[in-house]
Amino acid sequence: MDNVIIIRYSEIHLKGKNRAFFENILKRNIINKLVGIECRTEFFYGRYVICDYSQEHERVILNKLRQVFGIFSLSVAKRTTTAIDSIAEAAKSICPKNGTFRVTVNRADKTLPYTSVQLSAEIGGRLLEYNSDLEVDLHAPKSVVYIDVRDGNTAYVYSESVSGAGGMPIGSAGRGLTLLSGGIDSPVSTYMMAKRGLKLTALHFWSYPYTSLEARQKVLDLAKVLSDFTGKTEVIVVPFTKVQEAIHAHAESNYMITLVRRAMMRIAEKIAEAKGCQCIINGEDLGQVASQTMESIIVTNSVVKHTPVFRPLIGFDKIDIIDMAKKIGTYEISIQPFEDCCTVFLPDSPVTKPTIRRAEANEAKIVNYEDLIEEAVNNAEIFVIPEK
Ligand code: ATP
Ligand code: MG
């Protein structure tokens, strides 16, 4: 009898013919996540099993696996042969100390000399003999002892499951470029799209010295927390100072934010193309601030030529975004008070209903605007956050 961790995966079972594609990516992600911990990953239909690990690593492995998208739930189990005595020993070792229980058997190996009903009755009986504080309740038990009897003379016995991160395996949905500011929202939008299987590259606009070294470090710290879920991640930092100064010098002040947003999107699309990212993601949320009214989003979006822009937070209330930020561990970093470039040269009254025509007229006033955009793209710095 040895200890193993059973991994059940989420929506992959819906994938029909593409199932192997998703399974292989999940398998690779699990193996990458456990690099450095001595253990083995086995596969049997519809499940993965981690085995041959030292007991002291069990918690660490479980916690790491809970950060892998595509995993629905996990159980620590005893693995035994299919002999009734071995299964009974395993069941005794995990059965509750008292209260009501039930035994539930799933028997994949139909060649065995017992039926599911016979096995559950037999094991239930032996548990009652073993511990007189237990009582059977088939309908609403406090605990369930699960026995999963598989081919190859193997049975898994367990009583609890913990939930996994859900979603789809990272890399199974393509690549995206996520606009990561130091705020509360964009780490959450990043998390949400990673959860749907996108492999992400992060992009940050940095206006040094208006925004500090600490502001850049904050974004790298956020990316590091997110890398628990996203895996190894590149953070591209674009020097944005000259673009912002030029906009400030030439454009109407109430169009400052609109033009800054449009410049960000132009740069983002160029970088997405260069990096093979198929979409752009940001943390915009309808109506949250002046730059996120319907009109502002239309005017910003109109500079993007070929790339879909995903806004996973568009319909969320701020309070729900904050809850999610707390849950994924980014909130405490996001509320550190370092200025982001959007607050540099902030006008007193930003336009809430900008028009494309007026935005373009303002951009036309900026000398060498295209060159400034190109220069920002070319001078981007890349930081690599490793897999943890
Ligand atoms: P956040 O909490 O993400 O900063 P916010 O409510 O402060 O969001 P804005 O500052 O208006 O919103 O930004 C909207 C979105 O634009 C952000 O969620 C982010 O995706 C992107 N963005 C804003 N500033 C930057 C930046 N300096 N670098 C990269 N992306 C940015
Ligand atoms: Mg912000």
Side-chain angles (χ1 to χ4, degrees), residues 176-187 189-190 193 200-208 210-211 215-216 218-219 222-223 234-251 253-275 277 279-285 288-293 295-314 339-347 350-351 354 356 359-360 362-363 366 368-382:
L177 183 69
T178 182
L179 271 55
L180 191 60
S181 70
I184 294 169
D185 304 335
S186 51
S189 51
T190 301
M193 296 312 291
L200 295 173
T201 299
L203 176 60
H204 179 65
F205 295 94
W206 188 46
S207 290
Y208 187 78
Y210 303 106
T211 58
R216 185 180 69 183
K218 181 181 177 186
V219 171
L222 285 169
E234 271 187 7
V235 181
I236 301 177
V237 177
V238 166
F240 202 46
T241 315
K242 282 191 183 174
V243 175
Q244 272 196 292
E245 283 175 341
I247 295 173
H248 181 59
H250 299 287
S253 74
N254 62 341
Y255 264 70
M256 182 75 208
I257 292 185
T258 313
L259 264 57
V260 163
R261 295 253 162 243
R262 283 164 61 93
M264 282 184 179
M265 279 300 181
R266 285 180 211 273
I267 293 170
E269 186 168 40
K270 285 178 192 287
I271 290 182
E273 279 170 5
K275 284 279 170 189
C277 296
C279 62
I280 295 169
I281 296 132
N282 71 27
E284 285 175 336
D285 174 23
Q288 193 182 90
V289 288
S291 60
Q292 295 173 31
T293 61
E295 291 79 1
S296 291
I297 290 175
I298 290 169
V299 174
T300 305
N301 205 75
S302 68
V303 301
V304 184
K305 295 194 187 85
H306 319 288
T307 317
V309 179
F310 295 147
R311 300 173 175 83
L313 304 182
I314 198 73
E339 266 202 295
D340 190 49
C341 69
C342 293
T343 52
V344 176
F345 308 128
L346 194 68
V351 60
I356 293 177
E360 284 173 352
N362 270 290
E363 282 164 355
I366 303 170
N368 296 334
Y369 181 56
E370 269 307 317
D371 294 345
L372 286 172
I373 298 276
E374 276 304 324
E375 194 185 324
V377 171
N378 294 335
N379 290 333
E381 265 184 283
I382 299 180

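As a basis for the values below, the full set of heavy atoms in this structure was taken, side chains included, without hydrogen atoms, waters or symmetry mates.
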Salt-bridge present (R266, E363; N to O < 4.0 Å):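 A salt bridge links R266 with E363.
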
Should the pair E269-K305 be classified as a salt bridge under the 4.0 Å nitrogen-to-oxygen rule?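 No, no charged N to carboxylate O under 4.0 Å.
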
side-chain hydrogen bond (donor to acceptor under 3.5 Å, both in side chains) involving Y255 - partner list, sequence neighbours excluded: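 Partners of Y255 by the side-chain hydrogen bond (donor to acceptor under 3.5 Å, both in side chains) criterion come out as none, since no residue qualifies.
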
Which residues share a side-chain hydrogen bond (donor to acceptor under 3.5 Å, both in side chains) with T201, sequence neighbours left out: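 Scan of T201 (side-chain hydrogen bond (donor to acceptor under 3.5 Å, both in side chains), adjacent residues dropped) gives none.
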
Nearest heavy-atom neighbours spanning [X] and [Y]:
{"X": "L177", "Y": "A272", "result": "CD2-N, 3.8 Å"}
{"X": "A268", "Y": "F205", "result": "N-CZ, 4.5 Å"}
{"X": "A246", "Y": "L372", "result": "CB-CD1, 3.4 Å"}
{"X": "N282", "Y": "P312", "result": "O-CD, 3.6 Å"}
{"X": "V299", "Y": "P354", "result": "CG2-O, 3.5 Å"}
{"X": "G182", "Y": "L222", "result": "CA-CD1, 3.9 Å"}

Would you say [X]'s side chain and [Y]'s backbone share a donor-acceptor pair under 3.5 angstrom?
{"X": "T293", "Y": "S296", "value": "yes"}
{"X": "H204", "Y": "V237", "value": "no"}
{"X": "S181", "Y": "G183", "value": "yes"}
{"X": "T211", "Y": "W206", "value": "no"}

Just how far is it from atom [atom1] of [X] to atom [atom2] of [Y], taken to the nearest 0.5 Å?
{"X": "S189", "Y": "L313", "atom1": "OG", "atom2": "CG", "result": "5.0 Å"}
{"X": "C277", "Y": "E234", "atom1": "SG", "atom2": "CD", "result": "9.0 Å"}
{"X": "S253", "Y": "L259", "atom1": "OG", "atom2": "CG", "result": "11.5 Å"}
{"X": "I280", "Y": "N301", "atom1": "CD1", "atom2": "CG", "result": "8.5 Å"}
{"X": "T178", "Y": "I236", "atom1": "OG1", "atom2": "CD1", "result": "11.5 Å"}
{"X": "E284", "Y": "L179", "atom1": "CD", "atom2": "CG", "result": "8.5 Å"}

Test side-chain contact (heavy atoms from CB on, under 4.5 Å) on E245 and Y210 and set out the steps. CA-CA 10 Å; E245 283 175 341; Y210 303 106; 2.7 Å; yes

What residue among D285, I297, D185 forms side-chain contact (heavy atoms from CB on, under 4.5 Å) with R311?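 Output: one option passes, namely I297.
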
Fit a plane to each ring of F345 and H248, take the angle between them on a 0 to 90° scale, and name the class: parallel (under 30°), tilted (30 to 60°) or perpendicular (over 60°).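 F345 and H248: parallel rings.
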
Under the side-chain contact (heavy atoms from CB on, under 4.5 Å) criterion, do F240 and M264 qualify, and how do the steps go? CA-CA 9 Å; F240 202 46; M264 282 184 179; 3.8 Å; yes

Would you indicate whether the side-chain heavy atoms of P350 and N254 approach each other to under 4.5 Å?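 Result no, sub-4.5 Å side-chain heavy-atom pair not found.
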
I would like to know whether T190 and L180 meet side-chain contact (heavy atoms from CB on, under 4.5 Å); could you show each step before the answer? CA-CA 8 Å; T190 301; L180 191 60; 3.9 Å; yes

Verdict with reasoning, M193 to F310, per side-chain contact (heavy atoms from CB on, under 4.5 Å): CA-CA 9 Å; M193 296 312 291; F310 295 147; 3.7 Å; yes

Under 3.5 Å, is there a donor-acceptor pair between the N362 and R262 side chains?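 The criterion, which ignores hydrogens and geometry beyond distance, is not satisfied for R262 and N362.
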
